[in-house]
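Values in this document were obtained by computation on a predicted structure and should not be read as measured data. Letters go in sequence order (proteins before strands), and every chain restarts at 1.
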Protein chains: 2
Amino acid sequence: MVKRNTRQKRIIMDAVCSLDHPSATAVYERVQAIDPKISRSTVFRVLSDEAAAGKLLRLHINGTDDRFDPTLTSHCHIRCRVCGKVEDIMTDIATDMSSDIEGSHGYSVEYCDVVFYGICPDCKDKTNSVQTA
Amino acid sequence: MVKRNTRQKRIIMDAVCSLDHPSATAVYERVQAIDPKISRSTVFRVLSDEAAAGKLLRLHINGTDDRFDPTLTSHCHIRCRVCGKVEDIMTDIATDMSSDIEGSHGYSVEYCDVVFYGICPDCKDKTNSVQTA
DNA sequence: TATATAATAGGATCAAATCCTAATAAGGGG
DNA sequence: CCCCTTATTAGGATTTGATCCTATTATATA
């Protein structure tokens, strides 16, 4: 008996998928709304375990707590420094970079995190309307 | 009177420069060895302030606490998952990527973090010698 | 269905980071 | 060169994301 498919685990994974790059706390709040009996430690443990098992990505993004991402294909992220939103960027540039690094630095590269920081179109629009008002 | 050049600040910045991508705690320990009267909160505050002022980079790297880097020119990082070492990779690929993102996603990109994870040449050698032994 | 044990609930605990306030000292003005 | 304003620090309290601990629960196999 290796791994059990528990109700808690299903609810937690559903929450990750239905939210947008949520933090563990955000997942916990969503899960609480569905079943208040599910404990914080279960949420943190399941997220950690699933990330360690490669079922989720665990993202370290400047200025926020860790985020979780069910999208496993190679991609980048971008965070708006105004509204805090994190978005996927489906590009595979990192793969080319990884092989460059292998050659030039002698590392075996296993994984690559690329995070852009900036201002999203929505927040740019808002800033502009304030300026022109 | 805008900003003061204090002895504590000088010691802390020297420590960051003499260490290799140190965490705040590593800086604190180095600083303690020089002057045990300098408090932990001063170290954390100075590092945060200098990072916010753009005098240092603050790196969020998976599986470790924040690291600080006095190198301000655009570059990437790589972390060995065996020994934990963090190295600079002086490449400017991120700049090209940033302008791509501006075009395709409408963001104003201000900054980009690129972190590779893998195994450094030293740790690879050790692994090999164990295997062949 | 019975049972061995993986997984959870809930609280305790840990550590990085921040906050608070009286005391200190940097550095510009006189 | 010294004084005075106030930015900065020391030191401890506090916050918070995350992990750990243990009795209890419930999954999945025989």
For this session: Could you work out which one of D:dA10, D:dT8, C:dT8 sits closest to the side chain of B:Q8?
Result: D:dA10
Seminar exercise, completed: Atom CZ of B:R7 and atom P of C:dA25 are separated, to the nearest Å, by 8 Å
For this session: Could you tell me the separation between the CD atom of A:E29 and the C1' atom of D:dT16, rounded to a whole number of Å?
Result: 13 Å
Problem set entry | Atom-to-atom span, CG of B:L47 to C1' of D:dT9 - whole angstrom | 14 Å
Exercise. Between C:dA17 atom C1' and A:D66 atom CG, what is the distance in whole Å?
Worked result: 15 Å
Which atom pairs, donor and acceptor, lie under 3.5 Å between side-chain atoms of residues 113-122 of chain B and protein residues at least two apart or in another chain?
from, atom 1, to, atom 2, distance (Å)
B:D113, OD1, B:Y111, OH, 2.9
B:D113, OD2, A:N62, ND2, 3.0
B:Y117, OH, B:N62, N, 2.9

Exercise. Any idea which heavy atoms bring B:V43 and B:A24 closest together, and the distance?
Worked result: CG1-O, 3.8 Å
Seminar exercise, completed: Quick note, B:I38 side chain, CB onward, closest among D:dA10, C:dT8, C:dG27 is D:dA10
Seminar exercise, completed: From the candidates C:dG10, D:dT27, C:dA17, the one with an atom nearest any side-chain atom of A:T6 is D:dT27
Exercise. Of all the choices, D:dT27, D:dA18, C:dG27, which nucleotide is nearest to the side chain of A:R4 once you look at every atom?
Worked result: D:dT27
Seminar exercise, completed: Here the distance between atom C1' of D:dA18 and atom NE2 of A:H60, to the nearest Å, is 11 Å
Seminar exercise, completed: Separation of C:dA7 atom P from A:N5 atom CG, nearest Å, is 10 Å
Exercise. NZ of B:K37 versus P of D:dT9: gap in Å, rounded?
Worked result: 14 Å
Exercise. Are B:K3 and B:E50 within salt-bridge range, i.e. N to O under 4.0 Å?
Worked result: yes
Exercise. Taking all non-hydrogen atoms of both residues, which atom of A:C76 and which atom of B:M97 are closest, and how far apart?
Worked result: SG-CE, 4.2 Å
Seminar exercise, completed: Contacts of A:H60 meeting ring pair (Phe, Tyr, Trp, His ring centres under 6.0 Å) (sequence neighbours excluded), chain-then-number -> none
For this session: For A:V43 and for B:D65, locate the closest nucleotide of DNA chain C by heavy-atom distance; then report the residue assigned to the nucleotide nearer the 5' terminus.
Result: A:V43
Problem set entry | Separation of atom NZ in A:K9 from atom C1' in D:dT25, rounded to whole Å | 14 Å
For this session: Would you please confirm or rule out a distance under 4.0 Å between OP1 or OP2 of D:dG11 and any side-chain N or O of B:S39?
Result: no
Problem set entry | Polar contact flag, side-chain donor to acceptor under 3.5 angstrom, A:R45-A:S48 | no
Between the protein and nucleotides 18-22 of chain C, are there any N/O to N/O pairs under 3.5 Å, and if so, what are the atom names and distances?
from, atom 1, to, atom 2, distance (Å)
C:dT18, OP2, B:S48, OG, 3.2

For this session: Taking only Lys NZ, Arg NE, NH1 and NH2, and the carboxylate oxygens of Asp or Glu, determine whether A:D35 and A:R7 approach each other closer than 4.0 Å.
Result: yes
